[in-house]
There are 4 protein chains.
Amino acid sequence: MAPDEGGGRKAPRGRPRSEAAERAILDAVVALLEDGVPLGEVSIERIARTAGVGKATIYRRWCDKEALFVDLLRDIEPPEPVLPGTSAREDLVVMLESLRDRGVAQRTSALLYHVFAQMKSYPKLWAAYHATVIEPRRLIVREVLRRGVADGEIRDDLDLELVNDLFIGPMLLRSVMRPDAPLDDDLAQRIVSAVLDGVRPGS
Amino acid sequence: MAPDEGGGRKAPRGRPRSEAAERAILDAVVALLEDGVPLGEVSIERIARTAGVGKATIYRRWCDKEALFVDLLRDIEPPEPVLPGTSAREDLVVMLESLRDRGVAQRTSALLYHVFAQMKSYPKLWAAYHATVIEPRRLIVREVLRRGVADGEIRDDLDLELVNDLFIGPMLLRSVMRPDAPLDDDLAQRIVSAVLDGVRPGS
Amino acid sequence: MAPDEGGGRKAPRGRPRSEAAERAILDAVVALLEDGVPLGEVSIERIARTAGVGKATIYRRWCDKEALFVDLLRDIEPPEPVLPGTSAREDLVVMLESLRDRGVAQRTSALLYHVFAQMKSYPKLWAAYHATVIEPRRLIVREVLRRGVADGEIRDDLDLELVNDLFIGPMLLRSVMRPDAPLDDDLAQRIVSAVLDGVRPGS
Amino acid sequence: MAPDEGGGRKAPRGRPRSEAAERAILDAVVALLEDGVPLGEVSIERIARTAGVGKATIYRRWCDKEALFVDLLRDIEPPEPVLPGTSAREDLVVMLESLRDRGVAQRTSALLYHVFAQMKSYPKLWAAYHATVIEPRRLIVREVLRRGVADGEIRDDLDLELVNDLFIGPMLLRSVMRPDAPLDDDLAQRIVSAVLDGVRPGS
DNA sequence: ACTTAACCGAGACGGTACGTCATGTCTTCCA
DNA sequence: TGGAAGACATGACGTACCGTCTCGGTTAAGT
């Protein structure tokens, strides 16, 4: 049986790629962004210069600046939160807290801010991020909601995709699109409560 | 007699700027974007070539590519919606419809899509858009909510900024950040109802 | 033609050209060159700026930068020397002194130096200078030589054009093409003597 | 063992410069000038376009347009003449013939004409030309004259620098500064004879 | 130990765009 | 109507980066 990576893969002749170079490249990008270099000025040429690496060494690994950033994001993205599972409310609060954390991080780190700001300009990067980060989390929330409906915590006459957006949307709006808005500690709590209870009096 | 435009405005010496050139420039940008030219390839040089205009004529008017896009956005942005004023619910639906319309437009028009996608990468553009478009609309919603509270349509124990986000967030999430999600005709209605009523059973 | 030169001519409708503007332009060029501005940087634009004059006002008077310099040179060129007429030798010395003077002036004045250095690059300027300055002086020397032959001061078996060059050439070489060579007070004397007497021993 | 090229010469890292590009650039300049393009229109941009070469490839080799022309001149300048050494008179005739040849060439070739015309406007070019071409030839003539004095062909009571100018000046005047004057075959002979013998009757 | 082949850094290559400046023409207001 | 002010299309300037391509020199795996 093929030991690891499958079938008739050719034996890789020649000198193997240096992990050191790869790390140097990624580190250089991070360093540049943390030094506040505008992302538009993070050119391949400059990365190579900073990393002390030939340009070809970068192009050998990533065809695009986008592709490089995809890998970079994967390094940066915090792990998915662990849900307590005690109730839909608690689980939703934890998920929203995780979103809030990222929002806080984005305001702190020039790196995160710029990468996220740019992401929609790079379709492949955006698609990759959507597939590997956003969609899995939506799936988790969807499951939380489904259990919430089953447990009688959530109405069963609503489109769960819509409900998903009702919880996630406000937090994203706050954390990503309104960089001046406060991100208080109890924000997740308040959003979940308000969406659950409604904003109509006596509801 | 007021000389022309009021105050102590200086008499503009020399040949006045040609409106034709200005229009040609803006039209060229629109044309390029509508032809699907990636926004990163919309260089000043290319705009000038397309518009049949000297580069200096562009730089004379806008110091940045950003600044140009600010003006472009102003041309494109649809007018603020007219609120019926019959009830907070109706007003909110109209505001959200207007957001939905822009979402639909962004999916149709490559121009809008790319400009919005890029906007956060250009801080000045983003700030200008925030100040001239987003904040005024938030202000309108804030006023609608205030009246809603006064009329007893909305609870008076909630932070209205939060409520604002509860209504706007889901629609923005759908229309801007989830380009694959459907934007049904009744979406605004459903969001407003759900946020008003809450998603807890019996609420 | 200059409107102020036409005797009892009525002011022919319209504003006459201002002498002040013309003088301001020429003065500006002189000032720039004397300030050591490299002649390549003496653009029409800059002249206009320095003179406080519109570009069109310059182009209205001179079609070229060359044409402007032609007029400028005429202002600068010293008057033709007055020959004593006592002998060919004396007359030649005076002519050569005059050449030497200009050579000294060229080393002193950046203006003169640069204008002469550039002149051959501007065919019309060069032709004008040749016709109005060089050729008249050659003519004078030709006449001096002719009288010298008649008076027996100069051999009659030589081409006078060649003799002309024998006297003028060495002084021009010294003063114009060898800017480091000394221009001693007695240089004209020594050249005239040596050319007259020859450099062969016993000649 | 000597490694290759002698001293501690550094090993040249990176891709070596292409001789083909260099030749293409110089050829392009020559071609442009020979096509009668005014030297002022021989822009770096145009050279690059004509040579099918990137602008950077030119700037990598020459910092200036001047520096480029210095190299160009070195290619063009004919070799120093071989002196027969039979007598000072013969040697001087050969040197002057060589000057005359260049004069003829300058009238034939637009390239040479313009380059020489412009040279004094480019101080570095002029200095380089002076040092590498003019001064060496003056040195040769100086040596010829010294031997002439020793051999009794030339008076020993004259400043040899002056004598140098007496021979060279007339030919330069004819060939460089009087482009309309004839450059007959026997011109060198006649100048040398006249300067040796003097123009005074019975000298 | 010796090939072989892909790696490495460095940097040159033909391009394209940058933002500035000068050209010569034009337009508009002021005197 | 002349003049200043300055906008206009054009095009060169010198720099930076693009992505590709040599170079000379490693660095393993497979003979």
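If you're wondering where the values come from, they're calculated on a predicted model, not measured in any experiment. Chain letters run A, B, ... following the sequence lines, proteins first and then strands; every chain starts at 1.
- For B/A56 and C/C63, each mapped to the nucleotide of DNA chain E holding its nearest heavy atom, the one lying further toward the 5' end belongs to B/A56.
- A donor N or O paired with an acceptor N or O is found under 3.5 Å between the base of E/dC26 and the side-chain atoms of B/R15.
- A straight line from CD of D/E22 to P of E/dC13 spans 9 Å, rounded to a whole angstrom.
- Proximity of C/V29 to C/L33: side-chain heavy atoms (C-beta onward) are separated by under 4.5 Å at one or more points.
- Taking 4.0 angstrom as the limit, A/T57 places a side-chain polar atom (N or O) nearer than this to OP1 or OP2 of E/dG9.
- Atom P of nucleotide F/dA16 and atom NZ of A/K65 are separated by 16 Å, given to the nearest angstrom.
- A donor-acceptor contact under 3.5 Å links the side chain of B/K55 to the base of E/dG19.
- Rounded to an integer number of Å, the gap from CZ of D/R60 to P of F/dG14 is 15 Å.
- The CG-P distance, from C/D64 to E/dT25, rounds to 10 Å in whole Å.
- The line from CH2 of D/W62 to CD1 of D/I44 is 9.0 Å long, rounded to the nearest 0.5 Å.
- Between D/V42 and A/R46, the residue anchored nearer the 5' end of DNA chain F, judged by the nucleotide with its closest heavy atom, is D/V42.
- The distance from atom CD1 of D/I25 to atom C1' of E/dG14 is 11 Å, rounded to the nearest whole Å.
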> Stepwise, does the salt bridge (Lys or Arg N to Asp or Glu O under 4.0 Å) test hold for D/E41 with D/R46?
Replying inline: CA-CA 8 Å; D/E41 295 179 14; D/R46 191 162 178 182; 3.8 Å; yes
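- Of the candidates F/dG3, E/dA5, E/dC7, the closest approach to any side-chain atom of C/R61 belongs to F/dG3.
- Distance A/E41 CD to F/dC17 P: 8 Å, rounded to the nearest Å.
- The distance from the CD1 atom of D/I47 to the CG atom of D/D27 is 12.0 Å, given to the nearest 0.5 Å.
- Checking the phosphate oxygens (OP1, OP2) of E/dG9, no side-chain nitrogen or oxygen of A/R49 falls inside 4.0 Å.
- Once rounded to the nearest 0.5 Å, the distance linking CG of A/L72 with NZ of A/K65 reads 13.0 Å.
- The phosphate of F/dA7 (OP1 or OP2) has no side-chain N or O of B/R13 nearer than 4.0 angstrom.
- Spacing between atom OH of B/Y59 and atom P of F/dA7 amounts to 17 Å, rounded to whole angstrom units.
- Between the CD atom of A/E45 and the C1' atom of F/dT15 there is a distance of 12 Å, given to the nearest Å.
- Comparing B/V53 and D/I44 along DNA chain F, the residue whose closest nucleotide (by nearest heavy atom) sits nearer the 5' end is B/V53.
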